[in-house]
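Heads up, the thing below is written out as structure tokens.
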Amino acid sequence: MAKTQAAITGVHGYVPDYILTNQELETLVDTSDEWITSRTGVKERRILKGEGKGTSVMASKAVKGLLEKTAVKADEIDLIICATVTPDMVFPATANLIAANVGAVNAFSYDISAACSGFLYALTTASQFIETGLYKKVIVVGADKMSSIIDYEDRTTCIIFGDGAGAVLLEPSLEEVGIVDSIHKSDGTGVEFLKMKAGGSQYPASHETVDNKWHYARQDGATVFKFAVTNMADYAAKIMERNNLTSDDVAWLVPHQANKRIIDATANRMGVTEDKVMMNIERYGNTTAGTIPLLLWDYESQLKKGDNLVMAAFGGGFTWGAIYLKWAYDSK
Ligand code: UT7
């Protein structure tokens, strides 16, 4: 009997209208378009403007668009998982707000916190509910309003990050398409190199935490870069090996968009040529949990049923991993 696999049957995304260019950043910090472009590949990123607008605003737009596109009614959704490190509030979960906004009245919903690996962690988690036959329609959202935790006086972070959201619908398939394999890892000793220190239970907001600028994401870029290159490439290669995939078998590498140099290193290690590498870092920067679903949204029209996709990510935690997926549909 054919095995039930969790297939992505639709994808949609949302990015805010405001474009923060490298030229505008040149007016905020000591940097240059040339440095940012050559060291990261980013040319511009989107920023969600407006008082009181959180991550759920972008995520809800992505999910509403997904429901319209797939002609699925909101009340048919069983579960919504939102990967984010910039929830609207510490609690309730942003996924709860999204479910309410889109009218998913029969769903339960929760968030997953795994920084830049969040979407892949959430996808693997969601796939278990489908493979066991428990649920039929699960939505996985990756969304972050990184501008809410970025210090626009810190040139080592403000040049990379942007805001955005992407969402996919997962449904059971017996056609040998969908998620085939996944491997994930985390290592909490990486905390020192990439974190937002305050705002949790260790350092709740106080005058001191605000004065010390502890409510911003900080990273030791060079160390994170080193770990990212090694682990993203290792895990992408590992998932290819254990599924007997050669570089010719891989139709697309879908890499987290943190830095073009990390993406190039991963592609080289896999032996995958540039034309097979999904990339939109130049337009959106690093949207953390949003990068991979936004790539799928951008490239959807080029994907064919049966295409082998290898997704790979690395991020704060540290967290990392890779997923091997067979694309489930031809674009209409
Ligand atoms: O997705 C989440 C995980 N995050 C990542 O994967 C990010 C990984 N790290 C990176 O992408 C890179 O490390 C950065 C883009 C953050 C930095 O690039 P780098 O090539 O590693 O630069 P660096 O930190 O080694 O700094 C090199 C020089 C330094 O100057 P000195 O000390 O050599 O004089 C920095 O101060 O570049 C300087 N620098 C800048 N110069 C102009 C750092 N940021 C900037 C800037 N503009 N924005």
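Just so you know, ligand 1 is whichever comes first in the structure, and atom 1 is the first atom listed for that ligand. Everything numeric in this text was worked out from a predicted model, so none of it was measured.
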Show me, by chain and number, every protein residue that has a heavy-atom distance under 4.0 Å to ligand 1.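 For ligand 1, the residues that come within the 4.0 Å heavy-atom cutoff are Asp30, Thr31, Trp35, Arg39, Thr40, Cys116, Arg155, Thr156, Ile159, Ile160, Leu194, Gln219, Gly221, Ala222, Val224, Phe225, His256, Ala258, Asn259, Arg261, Ile262, Asn286, Phe314.
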Face-on cation placement of Lys276 at Trp252 ring, 6.0 Å and 45° thresholds: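 No, Lys276 does not lie over the aromatic ring of Trp252.
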Residue list, ring pair (Phe, Tyr, Trp, His ring centres under 6.0 Å) with Tyr121, at least two apart or on another chain: His184
Can you name the side chain to side chain donor-acceptor pair (under 3.5 Å) partners of Glu300, sequence neighbours left out? Lys69, Tyr329
Going by distance alone, is a donor N or O of one side chain under 3.5 Å from an acceptor N or O of the other, for Asn231 and Lys185? no
Do Thr287 and Asp144 have side-chain atoms, one donor and one acceptor, less than 3.5 Å apart?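 No, Asp144 and Thr287 have no side-chain donor paired with an acceptor closer than 3.5 Å.
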Considering only residues two or more places apart or on different chains, which pairs with a residue in residues 105-115 satisfy side chain to side chain donor-acceptor pair (under 3.5 Å)? Asn96-Ser109
